[in-house]
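Data block below; observations after.
Below, read A as the first sequence line, B as the second, and so on, with proteins coming before strands; counting in each chain starts at 1.
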Protein chains: 2
Amino acid sequence: MTTYLEANKQRFLDELFDLLRIPSVSADSKFKGDVRRAAEFVRDKLTAAGLDKAQLYDTPGHPVVYAEKIVDPARPTVLVYGHYDVQPADPYELWNTPPFEPTIRNERIYARGACDDKGQFYMHIKAIEAMLATDGLPCNVKVMIEGEEEVGSDHLGTFVVEHRDMLQADVILISDTSIISNETPSLETGLRGLSYVEVQVTGANRDLHSGVYGGGVANPINVLCEMIASLHDEQGRITIPGFYDNVTELSDEERAELAKAPFDLEEYKRDLAINDVMGETGYSTNERTSIRPTLDVNGIWGGYIGEGAKTVLPSVASAKISMRLVPDQTPEEITERFTKHFVSIAPAGVTVQVKPHHGGMPYVTPVDSVEFEAASKAFEDAWGKKPVPTRGGGSIPITALFEKELGVKSILMGFGLDSDALHSPNESYGLFNFYKGIETIPYFYKHYAALKQ
Amino acid sequence: MTTYLEANKQRFLDELFDLLRIPSVSADSKFKGDVRRAAEFVRDKLTAAGLDKAQLYDTPGHPVVYAEKIVDPARPTVLVYGHYDVQPADPYELWNTPPFEPTIRNERIYARGACDDKGQFYMHIKAIEAMLATDGLPCNVKVMIEGEEEVGSDHLGTFVVEHRDMLQADVILISDTSIISNETPSLETGLRGLSYVEVQVTGANRDLHSGVYGGGVANPINVLCEMIASLHDEQGRITIPGFYDNVTELSDEERAELAKAPFDLEEYKRDLAINDVMGETGYSTNERTSIRPTLDVNGIWGGYIGEGAKTVLPSVASAKISMRLVPDQTPEEITERFTKHFVSIAPAGVTVQVKPHHGGMPYVTPVDSVEFEAASKAFEDAWGKKPVPTRGGGSIPITALFEKELGVKSILMGFGLDSDALHSPNESYGLFNFYKGIETIPYFYKHYAALKQ
């Protein structure tokens, strides 16, 4: 195995580069053809790796790629999930090298999707290839790579329901999260959910001259700012009525356990070049970004944003707002509470529209399962140390769906780093992490097969 | 005169259309060539109208066009001021017909600059042409049309100082304001000043994943919204310390006088399609938009504003903010107070930059002067009724400069309507107003010459 991995190192990387060159941005319809091209690329590589039945499944959105290798129906089955779509790459001007021309600098691969999630799911294809080419697969494997994760996996729910038998498995294995550092591997035991909405505040029926009308009528931008500002109180808590009703508060013991994960606040601030952190009173930075729900504006626009000055009161101002959820909040509940509240705080003189984008359930992985134990042992074998259990702040909405529809838990065996700049310009993925991931994955199959016997 | 105006009606309009077809957007450097082309067009038309010495005066920005006709040094001299530059036309998609292809609908000229200020200053060139072609000019006339009014007339101050002798006059006549309605002509007796700034809030050194970092660090958009929201209190008053220190409060008598101007609140709301007005407690809509200072966001942007959803905490959020000023506020004072305050309210975790764009002094015209009387009589002759004195909300910063540098007062004899959609999509100017303006202007010269004898 080690020999095979070593001998094929460069080819693995070249293939990943080919995949990274395809701008499979699912959010933007102008990349629709590229998204499909990425799916076809993945299909072909699954076949090349030795899997069977590799094919595209069309959905009303982007296609799902699926393949499998059933070595023995008596053995346990691992379902690998990943996504070949990527976040939009803009602002392009902030990239040091073009987002879809992967480049190596300082032992890191720079490209949109390098870590999220092309670099991470591709490790699985290569690990499976290596197992099949050497000692064989200790478990059956099914691979499902979707193309709509970055836009809320809108059609995967239907796909999973319609292919429940095909997807039946004992565990779902996902590499789409981070470890604490290359010195401190970790395994995520929970993820936040998501509610994403777009809001629009409309004032007059046309843009107005700010001299003629300024001071006399509602300015949609000022109103939007006031409405957004009012969504947090001075303690950094979200003011939407009932927002915290279903939040599971952790016990002091659980919080103490999570606090054991190494964290250096000064290093954190230095990395981001900020002079202070900010967040909900009474919680640590790690807690604020994992076990606490949040509300952030992800985009705002209105009025004149070109060069120079224009003295206009715009007719409309808009914002994209997302809320990260924790157990037992649900996106449906929170989207409804947000909408009701946001509409209710609109002052006279404007009208407000709230359009839900997508949502995802929060998720918690049990740490006392054989699946978690297999993942933990895999890290021990490959990294020489036990991974630290952590709670993640991101969202992989599909984990809750898998549990509901397939009755199967997911193991979040990610190999990225928080500093990989996911969703940002200059996203990257360490060469160390790429290769170490390929090395770690087969150990999971080995231990999982053994533990399930 | 009447015969001449009637006979040349269509040509006057054709010429204005040619001028309106030139996209002389001063704020956007990509239109630099078009701005110059507009200046050359104006110069040629001044010559064609019979004025002397028509030429372009280059500035570090856009050129000033000047021409004159000295009929008798013993007679009084009128200096006509206007601007051939226009506001940016975006958002283009909201125009029913293209902004730089003038179109007549419902007896109105639709085009960017139709009213502000091409349609209005061009009336003067045609009125002068008509006087010269018929009864002759009762006064000397000087015409100065600039190209930077929409971006703060940055270089006109220097031009005026450097050409003080050339520009010497007894009164300045400006058509760049509105009347109450075509049934109720009015003359503006004051204008608001302007302070325009651009602000930028920066958080981390890069865009961040809102799942990984959300809740733990300052989000520049949320912070910007909170900072903007805090600039008004619940009474709609501006919270910048000292902001109202130099505001001249009008006496009850003065307010009662202004309140006599016809105003129909229901019609105002219907025209804008809003269910209520909004503004500073204790003042009427007309007062809020004329004798009271304001603060409005004219543009805001940050984060992901494309199609779909992106879960990003942007590194930077920005806004363009303008304040309308009233006597005796000055743009220097207010820009300084704004900057100091805005920087002071920035929370830890972000940095704030404030960049001043441009400013202008508020202005008040004396109503007991022969200049005002001549303008009032001109309206009476042409419209059959006395114009109502009003206070305007817009800004023509140059009026204060003219008073300071030339020692000359300005008469604001505008013929537009508030519903002309200045600075907005579908700006228009009534054919009635264009022709009535050309008819009114010669009466001003007649009365002014007579009153000054």
Report yes or no: does [X] contribute a side-chain atom to a donor-acceptor pair with the main-chain N or O of [Y] at less than 3.5 Å?
{"X": "A:Asn222", "Y": "B:Asp296", "result": "no"}
{"X": "B:Lys320", "Y": "A:Gly306", "result": "yes"}
{"X": "B:Asn298", "Y": "A:Leu313", "result": "no"}
{"X": "B:Asp276", "Y": "A:Ala348", "result": "no"}
{"X": "B:Lys310", "Y": "A:His423", "result": "yes"}

Problem set entry | salt bridge (charged side-chain N to carboxylate O under 4.0 Å, His left out) contacts touching residues 219-238 of chain A (sequence neighbours left out) |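 Residue pairs with at least one partner in residues 219-238 of chain A: A:Arg237-A:Glu280.
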Problem set entry | Contact listing (chain B partner; residues 202-209 of chain A; heavy atom under 4.5 Å) |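 Hits under 4.5 Å: A:Gly203, A:Ala204, A:Asn205, A:Arg206, A:Asp207, A:Leu208, A:His209.
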Is chain B contacted by the side chain of [X], its backbone, both, or neither, given a heavy-atom distance below 4.5 Å?
{"X": "A:Glu307", "result": "both"}
{"X": "A:Leu295", "result": "both"}
{"X": "A:Asp271", "result": "both"}
{"X": "A:Ser230", "result": "neither"}
{"X": "A:Arg192", "result": "side chain"}

With only heavy atoms counted, which part of [X] is less than 4.5 Å from chain A, the side chain, the backbone, both or neither?
{"X": "B:Ser29", "value": "both"}
{"X": "B:Gln87", "value": "side chain"}
{"X": "B:Tyr283", "value": "neither"}
{"X": "B:Tyr304", "value": "both"}
{"X": "B:Thr311", "value": "both"}
{"X": "B:Pro88", "value": "both"}

Exercise. Between B:Val212, B:Val277, B:Ile228, which residue shows the highest count of heavy-atom pairs closer than 4.5 Å to chain A?
Worked result: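 With the most close heavy-atom pairs to chain A, the winner is B:Val212.
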For this session: With a 4.5 Å cut-off on heavy-atom pairs, point out which of B:Asn275, B:Val151, B:Asn286, B:Thr285 contacts chain A the most.
Result: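 When all of B:Asn275, B:Val151, B:Asn286, B:Thr285 are compared, B:Asn275 has the most.
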Exercise. So which heavy atom on B:Gly308 is nearest to which on A:Glu198, and how close?
Worked result: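 Distance-wise, the nearest heavy atoms are O-OE1, 4.5 Å.
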For this session: Could you pull out the closest heavy-atom pair between A:His357 and B:Ala309, with the gap in Å?
Result: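 Here A:His357 and B:Ala309 meet closest at CG-CB, 4.3 Å.
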Do you know which of [options] has the most heavy-atom pairs with chain B at a distance under 4.5 angstrom?
{"options": "A:Asp418, A:Asp28, A:Asp116, A:Asn426", "value": "A:Asp418"}
{"options": "A:Ser284, A:Ala229, A:Ser26", "value": "A:Ala229"}
{"options": "A:Gly303, A:Gly349, A:Pro293", "value": "A:Gly349"}
{"options": "A:Ala27, A:Gly279, A:Gly152", "value": "A:Ala27"}
{"options": "A:Met227, A:Lys30, A:Met278", "value": "A:Met278"}

For this session: Can you sort out the partners of A:Leu94 under side-chain contact (heavy atoms from CB on, under 4.5 Å), two or more places apart, ordered by chain and number?
Result: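 For A:Leu94, the residues satisfying side-chain contact (heavy atoms from CB on, under 4.5 Å) (neighbours in sequence not counted) are A:Pro91, A:Pro425.
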For this session: Return the set of residues passing ring-ring contact (aromatic ring centres under 6.0 Å, His included) with A:Tyr92 (not counting sequence neighbours), or none when no residue passes.
Result: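 Once residues adjacent in sequence are excluded, A:Tyr92 has no partner under the ring-ring contact (aromatic ring centres under 6.0 Å, His included) criterion.
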Kindly compute the distance separating [atom1] ([X]) from [atom2] ([Y]), expressed to the nearest 0.5 Å.
{"X": "A:Tyr213", "Y": "B:Thr294", "atom1": "OH", "atom2": "OG1", "answer": "14.5 Å"}
{"X": "B:Leu224", "Y": "A:Ile300", "atom1": "CG", "atom2": "CD1", "answer": "7.0 Å"}
{"X": "A:Leu194", "Y": "B:Ser210", "atom1": "CG", "atom2": "OG", "answer": "7.0 Å"}

For this session: Using a 4.5 Å cut-off on heavy atoms from C-beta on, say whether the side chain of A:Val217 contacts that of B:Ile274.
Result: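 Yes, their side chains come closer than 4.5 Å.
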